[in-house]
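Okay, so here's the structure we're looking at.
We use all heavy atoms of the structure for the numbers below, so side chains are in, but hydrogens, waters and symmetry mates are not.
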Amino acid sequence: MDSIVALPIKIVEWLDSREDMDDLKFFVEYPPENKAVPLKRAIVAVGIDSVSITDKFVMNDDGVLEKQEYCRLAEIKVNLSICVPFSKGGQACHDIFTRITDALVFRTDLNIVQSGCDKIESDRDTDALVMTGWLMIEADFCPAESTDESFTSFFDKQMICGSHVRDTEIHVTAEDKEAWNDHFVTGFYSGTGATTRSFTLGFKAKLVLVFSVNKPLLSVDFTNSAVTSNSAAAIDGYGTSGLSVTSSGFKISKGESGNSKANLNEAAINYFYIAFK
């Protein structure tokens with residue numbers, strides 16, 4: 001329980017160290033500290049409202065839930081008592097709560113599953129507006145594994161024994177970031193007149209689009225009732241005539257069928273393509 005009791009202190013220390021929070025004064029809710037009267041700037045008191053600890057069960061390889069001998073599930077409700085001078089108005093309370101919540105959710109290892117706030121009240125003794133916010137934090141509490149308090153980033157990694165930190169389903173990987181930042185490639189090629197031709201992209205595309213330069217998407221010969229396609233689209237296993245996705249790029253062909261044919265490699269004609277990862 002020592003690590004849980006120390007949580008408000010660690011939150012205060014972390015928030016107080018951030019440059020973007022320099023306009024706020026943080027302190028732990030208990031023991032209380034003296035406040036300036038009338039209030040000169042916004043202050044935030046951090047404390048624990050409640051703690052609930054239950055047994056932790058993990059499914060084994062056989063699909064059976066097993067009770068963990070050393071770990072427990074902890075649900076901690078943290079209070080944020082936000083006080084602002086009358087001159088700043090009630091909106092300032094909500095703005096401060098949002099800033100603090102965003103910082104703790106997106107810049108720390110705390111697993112905050114819920115947050116909320118109560119109504120704003122007037123405190124005539126300090127000429128301040130007061131609002132109470134709260135954060136519901138879930139953690140795997142492993143007291144048997146915790147021998148010291150080494151807050152390497154924000155919260156004791158011995159206390160967070162794995163369910164959130166090592167959950168690869170909820171974290172963004174380096175490959176995810178690369179795909180988001182560079183999610184498609186474009187290129188050009190000149191037609192050679194060959195029946196088939198393959199292009200290597202270095203990845204299996206989700207969608208490939210090919211277009212000829214300075215030509216319509218379709219050319220229609222009404223005299224011979226013939227249609228020539230100068231463009232194509234394809235996904236894995238499916239595509240318009242003359243284009244298919246391969247394991248490392250895409251393949252083009254004449255793709256003739258009846259009076260219709262694909263014109264994706266006509267000699268001396270330029271084409272461009274877009275391939276989505």
- Under a 4.5 Å cut-off applied to non-hydrogen side-chain atoms, are Val46 and Val28 in contact? no
- Which heavy-atom pair separates Ser241 from Ala262 by the least distance, and what is that distance? O-CB, 3.3 Å
- Task: Please report the shortest heavy-atom distance between Ala42 and Ile96, naming the atom on each side.
- Result: CB-CD1, 3.5 Å
- Message: Over 60° means perpendicular and under 30° means parallel, so tell me whether Phe199 and Phe250 are parallel, tilted or perpendicular.
- Response: parallel
- Query: Heavy atoms, side chains only, cut-off 4.5 Å: are Tyr238 and Val245 in contact?
  - Reply: no
- Query: Within the distance-only criterion (no hydrogens, no angle test), does the side chain of Arg99 pair as donor or acceptor with the backbone N or O of Asp20 below 3.5 angstrom?
  - Reply: yes
- Message: Grouping I, L, V, M, F, W and Y whenever their side-chain heavy atoms are under 4.5 Å apart, do Leu209 and Tyr189 come out in a common cluster?
- Response: no
- Message: Are the side chains of Leu201 and Tyr273 in contact, using a 4.5 Å heavy-atom criterion?
- Response: yes
- Message: Contact between Leu7 and Ile137 at the side-chain level, heavy atoms closer than 4.5 Å - yes or no?
- Response: yes
- Item | Point-to-point distance, once rounded to the nearest 0.5 Å, from CG of Asp236 to OG1 of Thr246 | 9.5 Å
- Task: For the residue pair Glu13 and Asp16, establish whether any side-chain heavy-atom pair is separated by less than 4.5 Å.
- Result: no
- The reported gap from OG in Ser229 to CG in Leu264 (rounded to nearest 0.5 angstrom) is 6.0 Å
- Query: Rounded to the nearest 0.5 Å, how far apart are OG of Ser219 and NZ of Lys261?
  - Reply: 9.5 Å
- Aromatic ring pairing Phe184/Phe276, orientation class (parallel under 30°, perpendicular over 60°, tilted between): tilted
- Message: If you define the side chain from C-beta out and look only at heavy atoms, does anything of Val213 sit under 4.5 Å from Ile269?
- Response: no
- Query: Do Ile120 and Val44 share a hydrophobic cluster, counting only Ile, Leu, Val, Met, Phe, Trp and Tyr and linking them when any side-chain heavy atoms are less than 4.5 Å apart?
  - Reply: yes
- Query: If Ile, Leu, Val, Met, Phe, Trp and Tyr residues are connected whenever their side-chain heavy atoms lie under 4.5 Å apart, and connections chain through other members, are Met136 and Ile82 in the same group?
  - Reply: no
- Query: Checking Asn265 side chain against Ala194 main chain: does a donor-acceptor pair fall under 3.5 Å?
  - Reply: yes
- Query: Are Phe97 and Leu80 side-chain neighbours, meaning at least one heavy-atom pair lies under 4.5 Å?
  - Reply: yes
- Note on the structure: Distance col, row Met131:CE vs Lys119:NZ, nearest 0.5 angstrom, shows 13.5 Å
- Got a donor-acceptor contact below 3.5 angstrom from the Thr200 side chain to the Gly202 backbone? no
- Query: Can you hop from Phe106 to Ile112 via hydrophobic side chains spaced under 4.5 Å?
  - Reply: yes
- Message: Strictly distance-based, threshold 3.5 Å: is any side-chain N or O of Asn230 a donor or acceptor partner for the main-chain N or O of Pro216?
- Response: yes
- Check: Ser17 side chain, Trp14 main-chain N or O, donor-acceptor pair, under 3.5 Å: yes
- Message: Working to the nearest 0.5 angstrom, can you tell me the gap between Leu15 CG and Phe27 CZ?
- Response: 13.0 Å
- State yes or no: do Val185 and Ile274 share one hydrophobic cluster built from I, L, V, M, F, W and Y residues joined by side-chain heavy-atom distances below 4.5 Å, directly or via other members? no
- Message: If you define the side chain from C-beta out and look only at heavy atoms, does anything of Tyr271 sit under 4.5 Å from Ile252?
- Response: no
- Look up atom CG in Leu104 and atom CG in Leu110, then write down how far apart they are to the nearest 0.5 Å. 6.0 Å
- Item | Heavy-atom closest contact (Val84 atom, Gly89 atom, distance) | CG2-O, 3.9 Å
